Structure formats: structure tokens, C-alpha cells
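Remember, it's a predicted structure, so these values are computed and weren't measured experimentally.
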Amino acid sequence: MATNRARCEQPQKRGTKDKPNGYFADSVVSERRQKDREERLALVLWRRPIITLHYFLLETFITLKEWTLKLWRRRGAVFLFLVLCSLFSLAYSTEGAHQKYVQYLEKRILWCAYWVGLGILSSVGLGTGLHTFLLYLGPHIASVTLAAYECGSTDFPEPPYPDQIICPEAGGMEGSISLWSIISKVRMEACMWGAGTAIGELPPYFMARAARLSGADPDDEDYEEFEQMLGHAETAQDFVTRAKLGVQNMVQKVGFFGILACASIPNPLFDLAGITCGHFLVPFWTFFGATLIGKAIIKMHIQKLFVIITFSKHIVEQMVSLIGSLPRVGPSIQKPFSEYLEAQRSKLHHHTGEGTPASENWLSWVFEKVVLVMVCYFIFSIINSMAQSYAKRRQRSQQQRYSEEKTK
């Protein structure tokens, strides 16, 4: 058992360096891979739009075919899922006293799925991360915080909220809002988003684990970089490489608590933790359990506290007054911020039939356009990533045909 553990802790070396011509063969293979990678990276919408869209459609078709075959192999589970969906649909369409419970479950499930999906998008990326905390969860926590201080209560509707948050008619007393009450109000959304980010960390883990067990080369850039880093660990000089090695050593030596520590803080190098755990065959529940606790509980409470404190009433007022004190440009910049905050306050007290509140200013218009641009860029990155995946399939197929012809 100790022998197996020692064998797992040693990184596997690929290549033919033990042969006389191994170094030359490795250099040729490395040059070819670098050339192929450069060709794939050049395949983007703004350079080669027609070929990129063509490859994207082909990769989409292949992916759907693969998923269809996987579902067919698990047709028993698919059949059970369809039966459960049919029963829920029947309960949903049948009138009765149970309708309020069905509607409650529907709202809760869709609301949780929305935030879990945003968390997965933020973590997986499919080529680039969609920073859904900055675009969705952060503004949501900020709006709830501002509403709680303005209304003097957190008794506005439970999530999922209507189109806008409305203060209850029987408002609370000023100063009755506590930090804990706001944290409790947004806990479910934040925890679901954190759970989604934990789920999004699984692909690097499974990829590295499968490559280690099979001994095959996954031709993945992150995994290749990881193996190169292991090979040059003693000669690493730059800060980024030393930081990556620090994450790798912490995860490998400390185990569960090392993964928990890496997942509990904003850490752009956490993908390396997933690859490290997969490469060194860390058990799945050790990795996922520590990641889930760190991201969905510890890290999310840290981020919630930061946003809530930043957007508390007195901090916001101090920030606006500080903007106004800037020389020359202060008053001109302060005015749109003050108008925006006043518009948000009037919306919170606006009820049906009371007329239309003040229209939003250019700050909200700019934010909406920034969100739209980032979402469009994310969609473009998905198209580019899938087109590059199909190009990788073609390159791999061509290499296999070349190897077969060479051996004949």
C-alpha cells in the first residue's frame, strides 16, 4: 500500500527521453504541437468568421451525438427522469389545493437553478469566464442592501423577487437593519452561486484524473503547463510559477484542508488545484467536499460581507460626498450618482397606480450596455472555443492517419 502511495505521489513522465534520439523526438513533437496550437488559436470569429462558424456547427453536432449516445446507454435513468417530469407536469396542470405547493417548488427550483447556472458559467468559462459575480450576484446583493436600509426592513418579497423590489407599506424603524439580517436575506442566492462555481471546477479534475489513470496525453494546454511546471519545479524563478507551485504543494501535502484553504479565498489559480488533485488521484469527495464548503460557505460569506459593507447607507453617502469634494470635476460627477441613488430610492417606494417613477440616468444605461457587451463576448468565446475543439479533432485525426501510413 505504501508502494502504491509513493507511486501515485510521483509525477508520471511522458516521452522517449530514455532513448538516444529521445530529445530530438520530443523537440519535434513539441514544435508540432506548438504549431497546431497557434493554428487553433487563430481560428476566431473576427479573423475567419465563415470557417469558425462552420467548425462550431460541426462540433455542436458531434457533441449532441456523443451526449445522445451517453443518454442512450443510461436509458434507465433517463426513463425514470422522464417519469418524474411527467408526474410533476400532471400535478402542475391539475387543479387542487396542492397548487400552491407546486408553484412554490417551481419558483424555488428555477430560482436556485438560475444562480447555480450563473456560478457554473463563472467557473467553467468554455474559453473565458463570464464574471457573473460582478454582473449579477454582486449587483443583486447591493440592491438588496440599499433596499433594506431605505425600507428599514427586509420584509419585501422572498426570492424570486418580482420585476423590482418594493418596500412594504408598513415600513420598519430606521436603524433596525442589522448586518446579519441582510446576510440572511441573500444567503440562498449566494450559496447557490458558490455551489455552481464548485461544480464548474470539476472538469479540470476529471481531465487530469483520466489522463493519469490511462497514461494517455490529453493534449490540454493547462495540463501540459502543469506537467512542465512539475519538471522545472526546482529552477522556477518568476512569481507566477512560484505561486502555482505553492498551490500545488499545499493541495498535495495538506490534502482536504489545503483544498479548503485554496477554495475559501478569491484564487485565480484554483484551476491548478483541480488539476493537481486529479493528477495525484485525490478522492473525488475529498476534492469536491472541500471545494463546495470553501466556495459555497466560507468564500461566499466573505464576498457578501464585503458587498454589504460597501453598499451600506452611511458608506454610500460618504462615497458620494467624497466624489463631490474632488477638485474641478467633483460636482459634475457627483450629480449623476446622486440622481441615480434618488431614482433607486423612489423605485423602492413606487406602488402600482402611483405613476411612473423618475427615469434612469446614464449610469444605469452604461451598466446595461457593459453587461450586454460582456455577455456577447462570452457567447463569441464559446463559439471560438467549440470551433477550436473541432480543429483539434481534425489535427488529431490527421496525425493518426500520418502515423498509420508511416508504419505501413
Discussion item. Would you compute the distance between atom CD1 of I309 and atom CD1 of I182 and round it to the nearest 0.5 angstrom?
Written reply: 10.0 Å
Practice prompt. Return the minimal non-hydrogen interatomic distance between Q388 and R40, and the atom names on each side.
Written response: CG-O, 3.1 Å
Discussion item. Less than 4.5 Å apart, side chain to side chain, heavy atoms only: is that true for F61 and L57?
Written reply: no
Fill in: side chain to side chain contact (heavy atoms under 4.5 Å, CB included) between F287 and L202, worked out
CA-CA 9 Å; F287 169 71; L202 294 179; 3.9 Å; yes
Item to complete: Answer yes or no: is there a side-chain heavy-atom contact under 4.5 Å between I308 and W180?
Response: no
Worksheet entry | Residue pair L137 / A190: nearest heavy atoms and the distance that separates them | CD2-CA, 4.1 Å
Worksheet item: Do W193 and Q303 have side chains that get closer than 4.5 Å, going by heavy atoms?
Response: yes
Response to the item:
Shortest non-hydrogen pair, H301 vs I183, comes out as CD2-CG2, 4.1 Å
Item to complete: Indicate yes or no: at least one non-hydrogen side-chain atom of R393 is less than 4.5 angstrom from one of I62.
Response: yes
Discussion item. Quick check: do W72 and V78 have side-chain heavy atoms less than 4.5 Å from each other?
Written reply: no
Discussion item. So, taking the atom named OG in S181 and the one named CG in L179, what distance separates them when rounded to the nearest 0.5 Å?
Written reply: 7.5 Å
Fill in: Considering all heavy atoms, the nearest T197-G194 contact
OG1-O, 2.6 Å
Worksheet item: Which atom pair, heavy atoms only, marks the closest approach of A296 to C191?
Response: O-SG, 3.4 Å
Item to complete: Determine, stepwise, if the pair L260 / I298 fulfils side chain to side chain contact (heavy atoms under 4.5 Å, CB included).
Response: CA-CA 9 Å; L260 182 65; I298 301 175; 4.1 Å; yes
Discussion item. Is it the case that atom OH in Y92 sees more than 12 heavy atoms from other parts of the structure closer than 6.0 Å?
Written reply: no
Worksheet item: Short question: side chain of T63, backbone of E59 - any donor-acceptor pair under 3.5 Å?
Response: yes
Item to complete: If the plane angle is over 60° it's perpendicular, under 30° parallel, otherwise tilted; pick one for W115 and W111.
Response: perpendicular
Practice prompt. Grab the two heavy atoms, one from T94 and one from Q99, that are nearest each other, plus how far apart they are.
Written response: O-NE2, 2.5 Å
Worksheet entry | From CD1 (I302) to NZ (K304), nearest 0.5 Å | 11.5 Å
Item to complete: Look at atom CD1 of I50 and say whether more than 12 heavy atoms of other residues, nucleotides or ligands are closer to it than 6.0 Å.
Response: no
Worksheet item: Donor-acceptor pair, Y205 side chain versus V282 backbone, under 3.5 Å?
Response: yes
Fill in: Passing option when R47 is tested against L43, V44, I51 for side chain to side chain contact (heavy atoms under 4.5 Å, CB included)
V44
Worksheet item: Under the 3.5 angstrom rule, does the side chain of S385 hit a backbone N or O of S381 as a donor-acceptor pair?
Response: no
Worksheet item: Between L53 and L45, is any pair of side-chain heavy atoms under 4.5 Å apart?
Response: yes
Worksheet item: According to the interplanar angle, ranging from 0 to 90°, do the rings of F284 and F288 count as parallel (below 30°), tilted (30 to 60°) or perpendicular (above 60°)?
Response: parallel
Worksheet item: Any donor and acceptor pair, going by atom type alone, linking the side chain of S122 with main-chain N or O of L118 inside 3.5 Å?
Response: no
